[in-house]
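So the structure is just underneath, and the comments pick up after that.
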Amino acid sequence: MAKLQLAVVVGSNRRESINRRLAQALAKLGADRFDAYVVRIDDLPMFNQDNEGNLSAEVVRFKSELERADGVLIVTPEHDRSIPAVLKNAVDWGARPWGKNSWGGKPAFITGTSPGAIGSALAQQHLRAVMVSLGTILLGGEAYVTFKPNLVDDQGNIGDEGTRQFLRGFIDRFADLITRLAPSQAERVAA
Ligand SMILES: Cc1cc2nc3c(=O)[nH]c(=O)nc-3n(C[C@H](O)[C@H](O)[C@H](O)COP(=O)(O)O)c2cc1C
């Protein structure tokens, strides 16, 4: 059975990113429904409207990887109670140039983690507002994850059973949402 193509965007450029570990664990958890691929954002140039008419190879690659996805998973930390700059930069490139918005109509599931008690809730809330403005179709619900040492175990699985089931629910609902939005996709998956 063909699987849904899932673009994974991690809102961190940190080598040991806990959000990248969570993203990889989510990709593993949903491997029966999604073929996931990580979309790199750390090599994108700083957004500058002067360069919209002459996109760098990195930006062209980024936008085409978004566009070929059936859905996008964004796993983000919180920086100063908001969206990390590296992720906002990628969001802006995805949205531009005018008329070439790579996010439009794209189903997206936003989650993320932080050691703080509310996970990366405020960053996720800010990001939701931005993505809605760009026409992204967001999965409902709130997936705020507090980072604990066993969040992702040595095998790359979600370590805690309750958290695993909680996130599995989002993965299933996300796959169902994509399939409902695109009947042709449903037919392809069923074929
Ligand atoms: C500039 C900066 C701002 C931060 N602001 C917050 C914050 O507002 N809320 C929070 O929970 N953690 C905050 N943190 C801590 C991050 O949650 C922590 O560094 C986490 O590991 C970042 O995720 P990453 O490992 O995926 O990059 C901040 C970290 C940095 C470097």
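All ligand and atom numbering here is 1-based and tracks the order in the structure.
Counting only N and O atoms by type, the side chains of Glu78 and Ser114 include no donor and acceptor under 3.5 Å apart.
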Run through all N or O atoms in ligand 1 and write down each protein N or O closer than 3.5 Å, as a pair with its distance.
residue: ligand 1; atom: 5 (N); partner: Glu78; partner atom: O; Å: 3.3
residue: ligand 1; atom: 5 (N); partner: Asp80; partner atom: N; Å: 2.8
residue: ligand 1; atom: 8 (O); partner: Glu78; partner atom: OE2; Å: 3.3
residue: ligand 1; atom: 8 (O); partner: Asp80; partner atom: N; Å: 3.2
residue: ligand 1; atom: 8 (O); partner: Arg81; partner atom: N; Å: 2.7
residue: ligand 1; atom: 9 (N); partner: Glu78; partner atom: OE2; Å: 2.8
residue: ligand 1; atom: 9 (N); partner: Arg81; partner atom: NH1; Å: 3.3
residue: ligand 1; atom: 11 (O); partner: Ser114; partner atom: OG; Å: 2.5
residue: ligand 1; atom: 23 (O); partner: Asn19; partner atom: ND2; Å: 3.2
residue: ligand 1; atom: 25 (O); partner: Arg14; partner atom: NE; Å: 2.9
residue: ligand 1; atom: 25 (O); partner: Arg14; partner atom: NH2; Å: 3.0
residue: ligand 1; atom: 25 (O); partner: Ile18; partner atom: N; Å: 3.0
residue: ligand 1; atom: 26 (O); partner: Ser17; partner atom: OG; Å: 2.6
residue: ligand 1; atom: 26 (O); partner: Ile18; partner atom: N; Å: 3.3
residue: ligand 1; atom: 26 (O); partner: Asn19; partner atom: N; Å: 3.0
residue: ligand 1; atom: 26 (O); partner: Asn19; partner atom: ND2; Å: 2.8
residue: ligand 1; atom: 27 (O); partner: Ser12; partner atom: OG; Å: 2.6

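The existence of a salt bridge linking Arg168 and Asp32 is confirmed by a sub-4.0 Å separation between a basic side-chain nitrogen and an acidic carboxylate oxygen. One finds no salt bridge joining Asp153 and Arg164 here, because no Lys/Arg side-chain nitrogen approaches an Asp/Glu carboxylate oxygen to under 4.0 Å.
One N or O on the side chain of Thr179 and one on the backbone of Ala175 form a donor-acceptor pair closer than 3.5 Å.
Checking Val39, Ile110, Val8 one by one against Leu73, the side-chain contact (heavy atoms from CB on, under 4.5 Å) holds for a single residue, Val8.
Applying the side-chain hydrogen bond (donor to acceptor under 3.5 Å, both in side chains) rule to Thr163 yields the partners Asp160; only residues at least two apart in sequence or on another chain are considered.
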